[in-house]
Amino acid sequence: MSVLDVSIPKFDGPDLLNVEVVLNRSELFRAECKRLMSESESACIRMQNGDSKRLDQRVRDIQFLRKEVEMKLEELIPEIDALEVLQSRVVKALVMNQDAMKVTLLCLEARRKRAPSDRVHDAVDAELLKECSMFQEVTGLLQIVLEQIAEQIRLDRSAKFYLEQDLKEKFQAQNIDNSCALMTVTAHKETVSPKQWENISDLNIARAEQQKNNSLSLRALVESLLSQSADDMQKQFRATNEALQLNIQLIKAAKTQLEDKLPKVMCEISNLQRIKEDLLAAIAESEQFLSLAQARLLLRKERPGKEQCLDAAQIQLLAEVEQLNLHITKLREELALSEEEQRALVRCQLELQENIEIKANSLYIDEVVCMQLREPVVICHV
């Protein structure tokens with residue numbers, strides 16, 4: 001029987017029977033109220049116990065997820081640090097590569113200053129162009145990698161932020177639920193369902209795990225790229241240096257040959273000059289003999305008429321004049337040839353001196369300028 005079902009009749013007078021009825025009903029009413037209060041107290045205690053159990057379970061769930069989030073955060077933070085270290089290494093490799101490329105361009109520019117006869121597309125130029133192309137390609141790759149690393153760091157930091165935010169909220173929620181568990185009366189209101197609550201942390205953990213795996217993959221790729229590019233650049237740099245050294249040896253050998261020829265040519269010019277002087281002296285001497293013979297013939301024409309006969313002396317003088325004229329003609333021909341040969345030798349001397357100067361200039365460019373430019377360049381694994 002409910003308290004609401006009990007109706008109290010109106011008492012009109014001192015009717016003992018009615019008094020007894022009222023008393024009985026009042027006793028029943030009090031008993032019912034006590035029963036309801038007892039049931040309410042039991043229900044409150046039961047609900048309080050249920051709340052405490054649910055709060056305890058909630059705290060344990062929070063602690064479990066906090067541990068998961070903390071573990072993932074501990075995995076992600078070193079990965080961010082490793083990416084930042086890798087980023088600085090890539091920047092160092094990029095600077096090293098750009099410095100090396102500047103040296104390559106300077107070498108190409110210096111070699112363009114060679115004399116036209118030596119300004120050929122030789123093996124050194126070919127290696128320098130390959131080197132320049134490789135440096136440009138590696139520079140492009142490293143710049144792309146830097147952008148990828150920066151983006152991955154941003155994503156990792158974003159995942160770290162959500163983990164830290166989740167951890168902070170769970171710490172607050174744990175403190176609140178612990179406080180609630182200590183309270184005797186509490187009103188608990190959830191803004192999200194337990195499944196949604198779990199999904200929030202699962203999503204943050206999954207995001208962090210994905211970014212961590214992406215970071216690991218990116219680091220492995222970058223490590224491979226840094227190693228391979230350093231190996232390739234070292235190989236190409238050595239190939240260019242070897243081509244330069246070989247070309248230096250060839251230039252030195254050619255210069256030495258020219259320098260060996262020059263004294264011989266100059267010596268031959270001196271010899272020809274002496275021959276020329278001897279020829280001139282021989283011509284002068286022969287002309288003196290010719291003048292003497294001609295003078296004798298001219299004088300013999302003054303002999304008396306019957307004495308002017310073609311005697312042996314006359315024949316000898318005529319033959320002598322003829323022979324001397326032939327000798328003088330031959331000597332003058334040889335003199336002309338010696339002068340022509342001397343001019344040719346002088347041209348050879350000038351060409352040799354010019355070529356020696358050209359080789360010296362080319363040697364200076366390759367051995368001094370290029371090699372000194374390349375000497376401080378260090379290509380290493382960063």
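Each residue takes its place number in the sequence, starting with 1.
Arg157 and Glu84 are joined by a salt bridge, as a carboxylate oxygen and a charged side-chain nitrogen come within less than 4.0 angstrom of each other. Salt bridge absent: Glu340 and Arg343 never bring a charged side-chain N and a carboxylate O closer than 4.0 Å. Salt-bridge formation is detected for the pair Arg35/Glu39: a Lys NZ or Arg NE/NH1/NH2 atom is positioned less than 4.0 Å from an Asp or Glu carboxylate oxygen. The pair Glu209-Lys212 meets the salt-bridge criterion, since a charged nitrogen lies less than 4.0 angstrom from a carboxylate oxygen. With respect to the salt-bridge test (charged N to carboxylate O, under 4.0 angstrom), the residues Lys235 and Glu131 do not qualify. Of the charged side-chain nitrogens involved, none lies within less than 4.0 Å of a carboxylate oxygen, so that Lys359 and Asp366 do not count as a salt-bridged pair. A salt bridge does not link Glu242 to Arg238: none of the charged nitrogens lies less than 4.0 Å from a carboxylate oxygen. Between Glu164 and Lys168, no side-chain nitrogen of the basic residue sits less than 4.0 Å from a carboxylate oxygen of the acidic one, so the salt-bridge criterion is not met.
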Practice item. Determine, stepwise, if the pair Leu297 / Gln314 fulfils side chain to side chain contact (heavy atoms under 4.5 Å, CB included). Key: CA-CA 7 Å; Leu297 285 173; Gln314 189 71 11; 3.2 Å; yes
**Study point:** Chi angles and distances behind the side-chain hydrogen bond (donor to acceptor under 3.5 Å, both in side chains) call for Asp156, Gln152
**Key:** CA-CA 6 Å; Asp156 287 356; Gln152 189 58 54; 2.9 Å; yes
Practice item. Kindly indicate, with the supporting measurements, whether the criterion side-chain hydrogen bond (donor to acceptor under 3.5 Å, both in side chains) is fulfilled by Asp232 and Gln228. Key: CA-CA 6 Å; Asp232 291 345; Gln228 186 62 48; 3.0 Å; yes
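Annotation: side chain of Val377 is in contact with side chain of Ile379 (closest heavy-atom distance under 4.5 Å). Taking 4.5 Å as the limit, some side-chain heavy atom of Ile358 sits within range of a side-chain heavy atom of Ser117. Between Leu324 and Val321 the shortest side-chain heavy-atom distance does not fall below 4.5 Å. Residues Arg119 and Lys113 form no side-chain contact, since every pair of their non-hydrogen atoms from C-beta on lies 4.5 Å or further apart. The closest side-chain heavy-atom distance from Leu155 to Arg207 is not below 4.5 Å. For the pair Lys130/Thr240, no side-chain contact is recorded, criterion being any heavy-atom separation below 4.5 Å from C-beta on. Using a 4.5 Å heavy-atom threshold, the side chains of Lys276 and Gln273 count as touching. Between Cys380 and Met96 there is a side-chain heavy-atom pair separated by less than 4.5 Å.
Side chain of Ser229 to main chain of Leu225: a donor-acceptor pair is present (N/O by atom type, distance under 3.5 Å, no hydrogens or angles). Of the possible polar contacts, one joining the Ser217 side chain to the Asn213 backbone as a donor-acceptor pair under 3.5 Å is found. Remark: side-chain polar atoms of Thr139 are paired, donor with acceptor, to backbone N or O of Phe135 under 3.5 angstrom. Side-chain N or O atoms of Asp166 include none that pairs as donor or acceptor with a backbone N or O of Tyr162 at under 3.5 Å. The closest donor-acceptor contact from the side chain of Ser286 to the backbone of Ala282 lies under 3.5 Å. The backbone N or O of Leu216 lies less than 3.5 Å from no partner atom in the side chain of Arg219, so there is not a single donor-acceptor pair. Arg374 places no side-chain N or O within donor-acceptor distance of the main-chain N or O of Met371, the cut-off being under 3.5 Å.
Residue Arg303 holds its CZ atom at 3.5 Å from CZ of Arg300, rounded to the nearest 0.5 Å. In this structure, the separation between CD on Gln245 and CG on Leu250 is 12.0 Å, given to the nearest 0.5 Å.
Scanning both residues, Gln87 and Ile153, for their nearest heavy atoms gives OE1-CD1, 3.7 Å. Of all the heavy atoms in Leu226 and Ala93, the pair that sits closest is CD2-CB, 3.8 Å. The two atoms that bring Arg114 and Asn361 nearest to each other are CA-ND2, 3.9 Å, heavy atoms only. Here the shortest heavy-atom pairing between Leu83 and Ser215 reads CD1-OG, 3.4 Å. Residues Ser227 and His381 share a closest heavy-atom pair of O-CE1, 3.3 Å.
In this structure, Val346 shares a hydrophobic cluster with Leu258, Leu262, Val265, Met266, Ile269, Leu272, Leu345, Leu350, Leu352, Ile356, the cluster being traced through Ile, Leu, Val, Met, Phe, Trp and Tyr side chains under 4.5 angstrom apart.
Using modelled atom types and a 3.5 Å distance limit, the side chains of Gln210 and Asn214 yield a donor-acceptor pair.
In this structure, Phe237 is a member of the same hydrophobic cluster as Leu141, with clusters built from ILVMFWY side-chain heavy atoms closer than 4.5 Å.
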